[in-house]
Amino acid sequence: MDVLSSRVLIHPKDIDVSTAFYRDTLGLAIDKEFPGGTVFFAGNGSIEIVGTGKTGPTPDVALWLQVRDLPAALEELAAKGLDPVRGARREPWGLDEAWIADPDGTRIVLVEVPREHPLRTDPR
């Protein structure tokens with residue numbers, strides 16, 4: 001299999017509310033828009049908000065978004081009225097994580113890779 005690109009598709013209950021959340025609250029840049037959907041840049045991947053969901057989120061699925069500075073990201077979100085579902089903490093595997101949720105309750109894991117962690121390749 002030769003994968004050329006990938007994206008996560010989210011079918012929200014209210015497309016306008018979810019699109020505004022990913023665009024305005026998270027501040028993700030728009031890659032493309034089309035009738036019935038919006039695709040956002042998310043690091044090396046994409047998040048597509050499209051259509052209308054019927055069943056809602058599952059705790060078995062989460063979006064994982066790596067950020068450069070977790071405390072700064074949480075401050076930025078708090079200034080926009082978004083409080084974390086679970087505050088920042090160092091996980092047993094060595095990553096700093098906090099959880100937020102989108103308007104439908106989809107869990108979004110915000111992750112900072114600490115300087116001393118073996119996954120860290122960028123010294124900034």
Side-chain angles (χ1 to χ4, degrees):
M1 178 169 59
D2 189 15
V3 178
L4 302 177
S5 69
S6 65
R7 67 176 78 152
V8 173
L9 291 116
I10 296 175
H11 301 283
K13 292 177 187 170
D14 185 321
I15 194 165
D16 294 329
V17 169
S18 290
T19 299
F21 173 82
Y22 285 90
R23 181 191 61 227
D24 302 332
T25 304
L26 294 187
L28 300 182
I30 294 173
D31 178 20
K32 40 182 98 50
E33 294 178 288
F34 53 89
T38 303
V39 179
F40 294 94
F41 289 108
N44 289 329
S46 299
I47 298 171
E48 182 174 330
I49 307 301
V50 64
T52 303
K54 294 180 176 40
T55 59
T58 170
D60 296 335
V61 175
L63 294 176
W64 193 90
L65 301 178
Q66 183 179 344
V67 298
R68 188 173 309 282
D69 185 333
L70 184 57
L74 291 172
E75 283 182 30
E76 181 182 331
L77 293 172
K80 295 177 181 179
L82 183 67
D83 293 321
V85 172
R86 195 198 78 185
R89 68 181 185 211
R90 174 103 6 124
E91 297 294 345
W93 43 89
L95 300 177
D96 295 335
E97 297 185 5
W99 297 353
I100 61 171
D102 78 0
D104 289 334
T106 299
R107 183 167 37 110
I108 301 170
V109 181
L110 301 177
V111 179
E112 179 181 343
V113 179
R115 286 190 181 279
E116 67 278 4
H117 197 282
L119 289 178
R120 183 74 173 242
T121 58
D122 185 339
R124 288 179 284 167

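Note: hydrogens, waters and symmetry copies are ignored here, and every other heavy atom, side chains too, is used.
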> So, does Asp104 use its side chain to make a donor-acceptor pair with the main chain of Lys13 at under 3.5 Å?
Replying inline: yes
For [X] and [Y], work out which heavy atoms get closest and say how close.
X      : Y      : result
Ala101 : Leu82  : O-CD1, 4.2 Å
Ile49  : Pro12  : CG2-CG, 3.6 Å
Val113 : Gln66  : CG2-NE2, 3.4 Å
Arg90  : Pro114 : NH2-CG, 3.4 Å
Phe41  : Asp31  : CZ-OD1, 3.3 Å

How long is the span from the [atom1] atom in [X] to the [atom2] atom in [Y], to the nearest 0.5 Å?
X      : Y      : atom1 : atom2 : result
Leu63  : Tyr22  : CG    : OH    : 5.0 Å
Asp102 : Leu26  : CG    : CG    : 8.5 Å
Lys32  : Phe40  : NZ    : CZ    : 12.5 Å
Phe21  : Ile108 : CZ    : CD1   : 4.5 Å

> Between Leu77 and Val17, is there a shared hydrophobic cluster once you connect ILVMFWY residues whose side-chain heavy atoms come closer than 4.5 Å?
Replying inline: no
>> Same cluster or not: Val111 versus Ile100, using hydrophobic residues (I, L, V, M, F, W, Y) connected whenever any side-chain heavy atoms lie under 4.5 Å apart?
In response: no
> In chain order, what residues pass the side-chain contact (heavy atoms from CB on, under 4.5 Å) check against Ala73, with sequence neighbours excluded?
Replying inline: Val67
> Can you name the side-chain contact (heavy atoms from CB on, under 4.5 Å) partners of Arg89, sequence neighbours left out?
Replying inline: Arg86, Glu91
Is there a side-chain contact between [X] and [Y] in this structure, where contact means two heavy atoms from C-beta onward sitting under 4.5 Å apart?
X      : Y     : answer
Thr52  : Ile15 : no
Ile47  : Thr38 : no
Arg107 : Val85 : no

> Can you list the residues that meet the side chain to side chain donor-acceptor pair (under 3.5 Å) rule with Arg7, with sequence neighbours excluded?
Replying inline: Glu48
> Taking everything shown except Asp24 itself, do over 12 heavy atoms lie less than 6.0 Å from its CG?
Replying inline: yes
